[in-house]
Amino acid sequence: MKTSLRPDERGYYGSFGGAFIPEMMQANVAELQEKFEQIVATEEFKKEFDTLLKDYVGRPSPLYLATRLSEKYQTNVYLKREDLNHTGAHKINNSLGQIILAKKLGKKKIIAETGAGQHGVATATACALMGIECVVFMGELDVKRQAPNVGRMKMLGAEVVPVSSGSKTLKDATNEAMRYWIANPFDTHYIIGSVVGPHPYPDMVAKFQSVISEEIRKQLLEKTGSELPDTVIACVGGGSNATGAFYHFLEEESVELIAAEAAGKGLESGFTAAATFKGVSGILHGSKTLFMQTEDGQVVEPHSISAGLDYPGIGPALAHWFETGRVKYEAVTDEDAMKAGLELCKLEGIIPAVESSHALAVLEKIKFGKDQHVVVNLSGRGDKDLETYLSYL
Amino acid sequence: MTNRINQVLEQKENILSIYFTAGYPKLDDTVKVMEALEQNGADMLEVGVPFSDPIADGPTIQHSNTVALENGMSVKLLFEQLKDIRKSVSIPLIMMSSLNPILQFGVEQFCAKCKEIDVDGLIIPDLPVEEYISEYKEVMERYNLKNVILITPSSTDARIRLVDEHTDSFIYMVSSAATTGVNKNFSSDFDAFAQRLKAMKLKNPLITGFGIKDKESFDQVTRFSRGGIIGSAFVKAVAEGEDAAASTANFMKQFGRF
């Protein structure tokens with residue numbers, strides 16, 4: 001089984017990946033391709049990144065043995081508490097990594113796209129911390145349904161640009177950010193929030209998020225005497241928290257990796273975001289990957305109750321792991337996710353992001369052995385989703 | 001094999017190429033617009049295949065893409081609409097498309113269909129030159145399709161040389177860092193880019209696109225290159241009025257070619 005942690009020199013993971021971008025973006029992307037690995041390998045970079053993760057983000061995030069959840073599912077369920085990070089999600093890991101990189105590249109302005117707003121908040125935070133100007137593109141629909149995060153970004157000094165094209169959600173925010181970058185190529189760095197986009201973005205974001213699985217290994221060793229869990233479960237929109245949670249287990253074949261995709265109102269409902277179930281290979285946002293599209297190659301609008309999973313495709317590495325069978329994909333409906341999220345509130349006193357609730361819903365779908373160690377990546381907290389939850393109570 | 005793009009490049013100076021989106025403003029306007037453009041003095045046509053998520057395009061062309069898709073335009077239908085186009089249009093035709101619709105149609109089938117209706121070239125903005133060379137060049141050449149590749153002020157000399165080496169029609173010179181349809185005056189940056197390209201002594205001629213909206217801006221770019229491509233300004237104009245052919249004729253008047 002070929003799992004390819006890292007892409008080849010052209011940015012391919014098996015048949016997926018690459019950098020399919022207009023010439024206008026070429027110089028920026030080439031600069032990253034050329035310099036990202038060199039810069040992140042320096043001691044200076046590592047020191048700054050690690051210090052910020054520890055003292056600013058609050059890492060390591062705890063690995064919590066959820067006893068009541070474990071009792072219910074008759075196995076050992078551990079929650080990797082990315083929801084306890086500063087800004088409330090895993091997104092901050094990547095935003096800080098990229099902003100240090102951008103600073104070292106001499107960039108003066110940051111742009112970002114956001115769906116649920118977690119990546120936007122993380123990036124606005126990183127920009128405030130570094131004193132760099134920040135513009136966040138967000139679909140109009142998401143601006144409405146994620147109002148608290150829009151408020152946060154503004155408080156942090158970012159300009160939030162509502163995007164009214166297409167479905168007015170994450171994919172359109174991504175298109176708009178790319179257009180802005182084309183028009184402002186010299187002093188601007190684009191912080192993509194997921195493992196999508198042209199090479200080297202998927203690799204770069206994966207690397208910054210890999211701290212999640214690195215910590216899981218250490219923490220599990222302390223708790224159980226073994227670094228390796230039986231199963232790791234994470235939700236997938238673009239795939240950044242899943243890639244981070246899987247990263248250091250990809251070559252450990254004994255570890256089962258499960259990605260929870262947003263099935264929305266159901267796989268056959270026409271309102272879904274489950275890219276491996278309903279997608280085919282094509283080119284979107286600068287790379288070859290799996291995404292939902294018509295026979296004519298037009299992108300099909302996704303649907304998910306969670307703005308963060310409302311994306312028509314997945315990152316190229318995740319598409320490759322799907323194709324090779326390394327990662328197993330489960331489709332989780334809006335309904336299943338809400339149920340699992342509310343269950344966590346009641347059993348463990350933790351309000352998860354609706355995104356993370358998709359991962360929790362997998363516990364119901366699979367029968368785990370009594371002595372197994374199952375890690376669920378709790379990618380973010382649910383404060384932003386209160387209205388959504390309340391409407392389901 | 002003759003190719004109309006090369007013929008026009010041999011015969012004409014100040015080449016006026018017009019971009020429009022197939023199936024816009026109405027589904028059946030495609031052929032009407034093409035005929036009206038030729039009759040009113042366009043030297044070359046770029047027919048845009050609409051895509052739901054174009055990256056390099058600004059709001060005007062993006063909107064026309066959305067409307068065309070809502071109208072029901074598809075790659076298959078476009079080829080049907082253009083089946084007899086050579087009976088009424090004789091100037092070079094270039095198809096412009098994002099890569100994904102071509103991939104889903106099938107690259108070989110797409111090229112074969114282009115050949116069938118006598119398309120002369122392709123512009124695929126999100127297909128980088130390296131990918132073109134390794135995956136697509138052979139098939140496009142087999143069907144006598146010229147690949148027109150974009151270069152920008154931020155392209156390195158090495159990339160421009162690579163484009164020049166693997167092209168034999170013209171190179172699409174993007175006037176400045178911007179998506180399509182951004183109105184700005186051609187600045188010293190454009191002059192500097194033009195001077196830099198002149199000094200490189202490329203084998204292929206250059207035609208300029210992005211930001212050209214009227215006769216005045218067209219005249220500015222033809223001082224430095226063999227022609228100009230108008231996209232957004234025409235797309236905007238063609239939607240004015242009830243009749244696309246009349247709107248086209250009206251827009252083309254300013255060039256005084258007939």
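Model, not experiment: these values are computed from the prediction. Note on naming: letters A, B, ... go to the chains in the order of the sequence lines (proteins, then strands), and numbering restarts at 1 for each one. No hydrogens, no waters, no symmetry mates; every other heavy atom, side chains included, goes into these values.
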**Student:** Output the donor-acceptor atom pairs between chain B and chain A under 3.5 Å, with atom names and distances to 0.1 Å.
**Tutor:**
unit_1, atom_1, unit_2, atom_2, d
B:Pro50, O, A:Gln298, NE2, 3.0
B:Ser52, N, A:Gln298, OE1, 2.7
B:Ser52, OG, A:Val299, N, 2.8
B:Asp53, OD1, A:Lys171, NZ, 3.4
B:Asp53, OD2, A:Lys171, NZ, 2.9
B:Asp53, OD2, A:Asn175, ND2, 2.8
B:Pro54, O, A:Arg179, NH2, 2.6
B:Asp57, O, A:Arg179, NE, 2.8
B:Gln62, OE1, A:Arg179, NH1, 3.4
B:Val75, N, A:Asp296, OD1, 3.1
B:Val75, N, A:Asp296, OD2, 3.4
B:Asn100, OD1, A:Ile283, N, 3.0
B:Asn100, ND2, A:Gln293, OE1, 2.8
B:Asn100, ND2, A:Gly297, O, 2.9
B:Gln104, NE2, A:Ser281, O, 2.9
B:Gln104, NE2, A:Gln293, OE1, 3.1
B:Glu131, OE1, A:Arg10, NH2, 3.4
B:Glu131, OE1, A:Tyr12, OH, 3.4
B:Glu131, OE2, A:Arg10, NH2, 3.1
B:Glu131, OE2, A:Tyr12, OH, 3.1
B:Ser155, OG, A:Glu23, OE2, 2.7
B:Arg159, NE, A:Glu23, OE1, 3.4
B:Arg159, NE, A:Glu23, OE2, 3.1
B:Arg159, NH2, A:Glu23, OE1, 2.9

**Student:** Please report the interatomic distance CD1(A:Ile191) to CD1(A:Ile132), rounded to the nearest 0.5 Å.
**Tutor:** 8.0 Å

**Student:** For B:Leu69, which atoms come within 4.5 Å of any heavy atom of chain A: side chain, backbone, both, or neither?
**Tutor:** side chain

**Student:** Check whether any side-chain N or O of B:Asp120 sits under 3.5 Å from a backbone N or O of B:Ile94 as a donor-acceptor pair, and report yes or no.
**Tutor:** no

**Student:** Counting C-beta onward and ignoring hydrogens, is there a side-chain heavy-atom pair between B:Asn204 and B:Phe170 closer than 4.5 Å?
**Tutor:** no

**Student:** So for B:Pro54, is it side chain, backbone, both, or neither that comes closer than 4.5 Å to the heavy atoms of chain A?
**Tutor:** both

**Student:** For B:Phe224, check ring-ring contact (aromatic ring centres under 6.0 Å, His included) against everything at least two apart and list the hits.
**Tutor:** B:Phe190

**Student:** Contact part of A:Ala19 toward chain B, heavy-atom cut-off under 4.5 Å: side chain, backbone, both or neither?
**Tutor:** backbone

**Student:** Taking ring-ring contact (aromatic ring centres under 6.0 Å, His included) as the test, write out the residues that go with B:Tyr19, two or more places apart.
**Tutor:** none

**Student:** B:Leu103 versus chain A, heavy atoms under 4.5 Å apart: side chain, backbone, both or neither?
**Tutor:** side chain

**Student:** If you take all heavy atoms of B:Val238 and B:Val235, which pair is closest and at what distance?
**Tutor:** CG1-O, 3.3 Å

**Student:** Would you say that more than 12 heavy atoms from the other residues, nucleotides or ligands in this model lie under 6.0 Å from the NZ of B:Lys201, or not?
**Tutor:** no

**Student:** Can you name the side chain to side chain contact (heavy atoms under 4.5 Å, CB included) partners of B:Ala239, sequence neighbours left out?
**Tutor:** B:Tyr24, B:Pro25

